[in-house]
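Accompanying notes for the structure given below.
Numbers here simply count residues along the sequence, with the first being 1.
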Amino acid sequence: MRIPPIPAFMRQERVELERQTDDGFGEPVAIPRCRIDRSATLSPTDYQMTSGCSARVFIDATEYQGEVMEGDLIAFDGEKHAVASVQRCDHPDGTPHHWEVDVQ
């Protein structure tokens, strides 16, 4: 069973990903049709709202087949953002469906 991709109307933004290498960062890779949730600036805890990531980026596997790792850079809105955490969401067969990337 395959999960359908994230609908295209929900993926209207473009980002550039710079992967970490042994010599710094690689060349930017353009990833079209991503979703950027800029409302993720506060994270709830058991006691209060605390500063969290500056955004959550959803990258569908139909647009990008590589990997995203903590410490990589994602550029959007004219700025580069560091990847703070990555959650890879897979199809039942173990292949990637999408990545949910928190950036700071």
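- Between the side chain of Q65 and the backbone N or O of A61 there is at least one donor-acceptor pair closer than 3.5 Å.
- Atom CG of D72 sits about 5.5 Å away from atom CD of Q20, to the nearest 0.5 Å.
- Between E100 and C89, the closest heavy-atom pair is OE2-SG, 3.9 Å.
- Residue R56 holds its CZ atom at 14.5 Å from CZ of R38, rounded to the nearest 0.5 Å.
- The backbone N or O of I6 lies less than 3.5 Å from a partner atom in the side chain of D60, making a donor-acceptor pair.
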Next item on the list: Please assess D102 against V83 for the test side-chain contact (heavy atoms from CB on, under 4.5 Å), listing each intermediate value before the final yes or no.
Entry: CA-CA 6 Å; D102 289 339; V83 173; over 6 Å; no
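- With rounding to the nearest 0.5 angstrom, the CZ atom of F25 is 7.0 Å from the CD atom of E18.
- Of all non-hydrogen atoms in T21 and G26, the two that sit nearest each other are CG2-N, 3.7 Å.
- Between atom CZ of residue F76 and atom CD of residue E16 there is a gap of 12.5 Å, rounded to the nearest 0.5 Å.
- Proximity of a side-chain donor or acceptor of H97 to a complementary backbone N or O of P4 within less than 3.5 Å is detected.
- Nearest approach of S54 to H81, heavy atoms of both residues: OG-ND1, 3.8 Å.
- Screening R33, R14, R35 for a salt bridge (charged side-chain N to carboxylate O under 4.0 Å, His left out) involving E63 leaves a single residue, R33.
- Note: Q87 CD to F58 CZ = 11.0 Å, rounded to the nearest 0.5 Å.
- M69 and L17 are assigned to two separate hydrophobic clusters, defined by single-linkage of ILVMFWY side chains at heavy-atom distances under 4.5 Å.
- Note on residues 20-30: no pairs pass salt bridge (charged side-chain N to carboxylate O under 4.0 Å, His left out), not counting sequence neighbours.
- Atoms CG and NE2, from D90 and H98 in turn, are 10.0 Å apart once rounded to the nearest 0.5 Å.
- A donor-acceptor pair is defined here as one N or O able to donate and one able to accept, closer than 3.5 Å; such a pair exists between the side chain of R19 and the backbone of E67.
- Looking only at distances, a side-chain donor or acceptor of H91 sits under 3.5 Å from a matching main-chain atom of I3.
- Clustering ILVMFWY residues whenever any of their side-chain heavy atoms sit less than 4.5 angstrom apart, transitively, puts L73 in a cluster other than the one holding V86.
- For the residue pair W99 and Y64, the shortest heavy atom distance occurs at CZ3-O, 3.3 Å.
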